[in-house]
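Following: one structure in C-alpha cells, then a few remarks.
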Amino acid sequence: MIDANQYPTGLTIAGSDSGGGAGMQADIKTMQACKTYSAVVVAGLTAQNTLGVQGAYPTDLAVIDQQFASVMADFDVRAAKTGALFDEARVLQVAKNIRHYQQKNLVVDPVMVAKGGASLLDSAGIAALKNHLLPLATLLTPNLPEAELLADMKISTRDDMVTAGQKIQALGVPNVIVKGGHGEGAVIYDYVLLENEVGFWLEGQKVETSSKHGTGDTLSAAITSFLAQGDSLRKAIEKGHRYMNAIIGQPLVIGHGHGPLNHGQWSDPADEGGKDYEF
Ligand SMILES: Nc1ncnc2c1ncn2[C@@H]1O[C@H](COP(=O)(O)OP(=O)(O)OP(=O)(O)O)[C@@H](O)[C@H]1O
Ligand SMILES: Cc1ncc(CO)c(N)n1
C-alpha cells in the first residue's frame, strides 16, 4: 500500500492541450513519471495540435473557484505550478485562490506564447501576472522571450541572462530560472538565481529535434513534483533539469509539427537499487 506521504500530491493550474503534448497534459505525465500524484485546475481549454493552436477558451471564473475548492477539500497539495492562464481575469482568480488556500511551494511558469506563435496570455494578463501572481511564487521560470519582457531588456549573452534574472528577482520573486532553450549554440545554459544571491548555471547538450513541444511545462512540472516530495528547491531544480535532459534525448516523432516529449521514458535509478539517486 502506498500512501500520500510516499506518493505526495502536486497541483497543476494550467490550460489543456488537445494535442496532448504541452499544458496540463505534459504536467500530469511529468508528475506521474516523477512519482508525484497530480490534481488539476483547468484554467482554459485549447484546441491545439503539434502544428499550432486553433482555439483558446478560458474557463469560467466560478468554475476555477469550484475546482480549487474540490481539490483543496480532499488533497494535501504539497506543491503547485501554474501554466497558461490566458488573461487578466484568470490570473487574478488563480492568485486569489493561491492566497485563500495559502498554497506554498508555488512554481509560476509565465507561459505567454505557444511554440507556433499563438498567444496564451494577453497583455493585461502579463501585467496581472507581474503584479499579483509573481509575488506569491516560490520560483519563476521564464524562457528567454518571457525574461526579456519581464526584465524589460534584450537578452543576447549569458551576462544578459544574469542581469535579467536579477531584474526579475527585484520584481518580488525570491527564485528565478532564466531558461536558455531558445538560445544559440551546441550547449544550452539555464541560469538559476536563488535567494541570498546564489546564482549558478545548468548546462545541457542541445538535442537537435523538432520534438520540443511542452519543454517549459515539463521542466516546471518536474521541479514541482520534487518540491512536493520534500526536496530543497536547489535539489528539485537540479533533478528537474536531469529529468528534462534525459527525456528530450528520446524524442517521439508523432504529429506533423513540433512533436511531443516522451515523458514516461525515464527510470528512476532509485527503483533499480542504484545508489546514485542524486538527480
Ligand atoms: N533542444 C534542446 N536540447 C536540450 N534541452 C533543451 C532543448 N530545448 C530546451 N531544452 C531545455 O528544456 C527546458 C525548457 O526550456 P525552454 O527555453 O525550451 O522553455 P519554453 O520555451 O518555456 O518551452 P515551451 O514554450 O515549449 O513550453 C530548459 O531546461 C532547457 O534547457
Ligand atoms: C495549453 C498550453 N499550455 C502551455 C503551452 C506551452 O508549451 C501550450 N502550448 N499549450
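For this chain, numbers begin at 1 and follow the sequence in order.
- Linking Ile, Leu, Val, Met, Phe, Trp and Tyr residues whenever their side-chain heavy atoms come within less than 4.5 Å places Val107 and Val192 in a single cluster.
- Looking at heavy atoms from C-beta onward, Leu219 lies in side-chain contact with Lys179 at the 4.5 angstrom threshold.
- Contact check for Leu193 versus Asn175: no side-chain heavy atoms found under the 4.5 Å cut-off.
- With a 4.5 Å cut-off on side-chain heavy atoms, Thr215 and Lys115 count as touching.
- Nearest approach of Val176 to Val173, heavy atoms of both residues: CG2-CG1, 3.8 Å.
- Of the possible donor and acceptor atoms, one in the side chain of Gln229 sits under 3.5 Å from a partner among the backbone N and O of Lys35.
- No donor-acceptor distance shorter than 3.5 angstrom exists from the side chain of Asn196 to the backbone of Val198, with no hydrogens or angles considered.
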*Checking side-chain contact (heavy atoms from CB on, under 4.5 Å) for the pair Ile188/Gln205: CA distance, chi angles, key distance, verdict?*
CA-CA 6 Å; Ile188 296 186; Gln205 284 302 317; over 6 Å; no
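- With Lys167 contributing its side chain and Ala151 its backbone, the two residues share a donor-acceptor pair below 3.5 Å.
- Note on Leu202: it does not cluster hydrophobically with Val187, by side-chain heavy-atom contacts below 4.5 Å among ILVMFWY residues.
- In this model, no donor atom of one side chain and acceptor atom of the other lie less than 3.5 Å apart for His256 and Thr50.
- Taking every heavy atom of both residues into account, Gly125 and Asp122 meet most closely at N-OD1, 2.8 Å.
- The environment of Gln102 atom CD is sparse: at most 12 non-hydrogen atoms of other residues, nucleotides or ligands sit within 6.0 angstrom.
- Asp60 contributes no side-chain N or O that, together with a main-chain N or O of Ala62, makes up a donor-acceptor pair within less than 3.5 Å.
- Counting only heavy atoms from C-beta outward, the side chains of Met24 and Asp17 never approach each other to under 4.5 Å.
- Cluster annotation: Leu233 and Leu134 are assigned to distinct hydrophobic clusters (Ile/Leu/Val/Met/Phe/Trp/Tyr, side-chain heavy-atom contacts under 4.5 Å, transitive).
- The heavy-atom pair separating Ala22 from Gly214 by the smallest distance is CB-CA, 3.8 Å.
- Between the side chain of Gln250 and the main chain of Ala246, a donor-acceptor pair closer than 3.5 Å is present.
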*asked:* Apply side-chain contact (heavy atoms from CB on, under 4.5 Å) to residues Thr224 and Asn105 and explain how you reach the verdict.
replied: CA-CA 8 Å; Thr224 306; Asn105 291 327; over 6 Å; no
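- The shortest non-hydrogen separation linking Asp87 to Pro58 is OD2-CG, 4.1 Å.
- For the pair Thr218 and Tyr243, the minimum side-chain heavy-atom distance is below 4.5 Å.
- Tyr191 OH to Arg158 CZ: the interatomic distance, rounded to the nearest 0.5 Å, is 10.5 Å.
- The aromatic rings of Trp201 and Tyr189 sit perpendicular to each other, their planes meeting at more than 60°, with 30° as the lower class boundary.
- Rounded to the nearest 0.5 Å, atoms CD (Glu184) and NE2 (His182) are 11.5 Å apart.
- From Asp27, atom CG reaches atom NZ of Lys81 across 3.5 Å, with rounding to the nearest 0.5 Å.
- Geometric assessment of Arg234 against the ring of Phe200 yields a positive cation-pi assignment under the 6.0 Å and 45° thresholds.
- Residues Ile237 and Ile168 fall into different hydrophobic clusters, defined by Ile, Leu, Val, Met, Phe, Trp and Tyr side chains chained together at heavy-atom separations under 4.5 Å.
- Asp109 contributes no side-chain N or O that, together with a main-chain N or O of Thr82, makes up a donor-acceptor pair within less than 3.5 Å.
- A 4.5 Å side-chain heavy-atom check between Val91 and Leu121 finds at least one atom pair inside the cut-off.
- Checked by atom type and distance alone, the side chain of Thr36 never pairs as donor or acceptor with a backbone atom of Gln32 at under 3.5 Å.
- Rounding to the nearest 0.5 angstrom, the gap separating the OG1 atom in Thr163 from the CG atom in Asp160 is 6.0 Å.
- Nearest heavy atom pair, residue Gln48 against residue Ala114, reads OE1-CB, 4.5 Å.
- Using modelled atom types, no side-chain atom of Asp159 and backbone atom of Val162 make a donor-acceptor pair closer than 3.5 Å.
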_Check against side-chain contact (heavy atoms from CB on, under 4.5 Å), His241 and Asp190_ = CA-CA 9 Å; His241 188 253; Asp190 293 348; 3.6 Å; yes
*Step by step, would you call Leu261 with Met244 a side-chain contact (heavy atoms from CB on, under 4.5 Å)?*
CA-CA 9 Å; Leu261 296 164; Met244 186 70 230; 4.0 Å; yes
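- To the nearest 0.5 Å, atoms CG (Asp217) and NE2 (His213) are separated by 8.0 Å.
- The two residues Ile13 and Ala80 come nearest to each other via the heavy atoms CD1-CB, 4.4 Å.
- Met161 is listed as a side-chain neighbour of Leu144, based on a closest heavy-atom distance under 4.5 Å.
- No donor-acceptor pair closer than 3.5 Å links the side chain of Ser16 to the backbone N or O of Leu45.
- Distance check, rounded to the nearest 0.5 Å: OG1 of Thr30 to NE2 of His263 gives 3.5 Å.
- Glu146 places no side-chain N or O within donor-acceptor distance of the main-chain N or O of Val113, the cut-off being under 3.5 Å.
- Side-chain contact between Asn97 and Val94 is absent, with no heavy-atom pair separated by less than 4.5 Å.
- Within 6.0 Å of atom CZ in Phe86, more than 12 heavy atoms from other residues, nucleotides or ligands are found, so the atom counts as buried in its surroundings.
- Around the CG atom of Asp3, the shell of radius 6.0 Å holds more than 12 heavy atoms that belong to other residues, nucleotides or ligands.
- Looking at His100 and Asp65, their side chains never bring a donor and an acceptor atom within 3.5 Å of each other.
- At a threshold of 4.5 Å between side-chain heavy atoms, the hydrophobic network of Ile, Leu, Val, Met, Phe, Trp and Tyr places Ile177 and Met112 in two separate groups.
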